[in-house]
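We count ligands from 1, going down the list as the structure has it; atoms in each ligand are counted the same way.
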Amino acid sequence: MEREHGQQLLSRADRIVVLTGAGISAESGVPTFRGEGGLWKSYRAEDLATPQAFAKDPRLVWEWYGWRRALVGACKPNEAHLAVARLASDRDGVSIITQNVDGLHADAAGQLSGSSAQRAMPLELHGSLFVTRCTVCDWQRADRDAIDASSIETLPHCQRCGALARPAVVWFGESLNPQVHERAFHAASEASVCLVIGTSGVVQPAASIAVATYQRGGAIIEVNPTETPLSPYAAVSIRGRASVIVTDLLNAPK
Ligand code: NAD
Ligand code: ZN
């Protein structure tokens, strides 16, 4: 039984990496890029989440981020985010690494108290919809404001140097922050289990984080309704929705 095998691997693991993608947030109402509701005004994410798209038409890209910020800002963490946050607060050696930019892992951590909340804070590989940064200097700020994309002047601007600001997310074709990248690979290459939840496994280098655990002899446990390029590496693949499967796996008697 895949589920029991997964529970066994998790209970014996000394270090665990939980790697999540858009699928963990689907049941919170955040559309995945490759599923239904992934299009906006018939644009694909790959057409908008790029430095080229922003250089060509910053109003269009900001309008899309304004729409996503409003949509995601109204969403709440689901049972899977909460179970993962509890795992990280209850046990030593758990790192949560996410490709998501929706802030829902941090929101789930925020529901725990004090030092538990700190332990459950995720490493956000691709940044956050709710942080804005300057396109020129290193200014950035937390930002949940609505976006007025009616003109270039009304878009967010740097409060230090006045240049145009942009969402502090990693776009297609951009590199990850080197420190974030290093911390993620370090954790994965020491983990005995990488629990991969709701990622299509096609966006690099995030997908290779799980492979780093596999290569050091650790086990991949995959939770996804469909097969992915990571499935052949997985010791355990459980097909189903994150909110059901993850709670089942993590709330098992110790
Ligand atoms: P993806 O959209 O490419 O794939 C989502 C995966 O989730 C698929 O494999 C799908 O089968 C699975 N899935 C769908 N519903 C699920 C459920 N209920 N439970 C478990 N799994 C489910 O997402 P990705 O692999 O994360 O990569 C896309 C890129 O887009 C990432 O870089 C990410 O930053 C970004 N993105 C983020 C968000 C977000 O922040 N929530 C949303 C869309 C895209
Ligand atoms: Zn600036």
> In Å, rounded to the nearest 0.5 Å, how long is the span from CG of D102 to NE2 of H126?
Replying inline: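 Those atoms lie 12.5 Å apart.
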> In Å, rounded to the nearest 0.5 Å, how long is the span from OG of S95 to CD1 of I16?
Replying inline: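 Here the rounded value is 9.5 Å.
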> At distances under 2.8 Å, what protein N, O or S atoms surround the Zn ion (ligand 2)?
Replying inline: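 Hits for the Zn ion (ligand 2) below 2.8 Å: C134 SG, C137 SG, C158 SG, C161 SG.
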> Where is the tightest heavy-atom contact between Q111 and P77, given as atom of each residue plus distance?
Replying inline: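 For Q111 and P77, the tightest heavy-atom pair comes out as NE2-CG, 3.9 Å.
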> Considering residues at least two apart in sequence or located in another chain, which fulfil the side-chain contact (heavy atoms from CB on, under 4.5 Å) criterion with E222?
Replying inline: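 If we apply the side-chain contact (heavy atoms from CB on, under 4.5 Å) test to E222, skipping adjacent residues, the hits are N224, T228, L230, S231, A234, S237, R239.
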> Which parts of the protein, at residue level, reach under 4.0 Å of ligand 1 through a heavy atom?
Replying inline: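 Correct list: G21, A22, G23, S25, A26, E27, V30, P31, T32, F33, R34, Q99, N100, V101, D102, H126, G198, T199, S200, V203, N224, P225, T226, R241, A242.
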> When you look at F54 and W171, which way does the ring pair (Phe, Tyr, Trp, His ring centres under 6.0 Å) test go after all the steps?
Replying inline: CA-CA 10 Å; F54 188 72; W171 284 330; 5.3 Å; yes
>> So that I can tick it off, tell me whether D90 and R119 are bridged by a salt bridge, with the cut-off set at under 4.0 angstrom between side-chain N and carboxylate O.
In response: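 Salt bridge between R119 and D90, a charged N being under 4.0 Å from a carboxylate O: no.
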>> Tell me whether R15 is salt-bridged to D92, with the criterion being a basic N under 4.0 Å from an acidic carboxylate O.
In response: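 Between D92 and R15 there is no salt bridge, as every charged N stays at least 4.0 Å from the carboxylate O atoms.
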> What do the steps show when you test T132 against R69 for side-chain hydrogen bond (donor to acceptor under 3.5 Å, both in side chains), and what is the final call?
Replying inline: CA-CA 12 Å; T132 296; R69 205 181 257 186; 3.2 Å; yes
>> Test: ring-ring contact (aromatic ring centres under 6.0 Å, His included). Region: residues 76-101. Which pairs qualify, not counting sequence neighbours?
In response: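 For residues 76-101: H81-H105.
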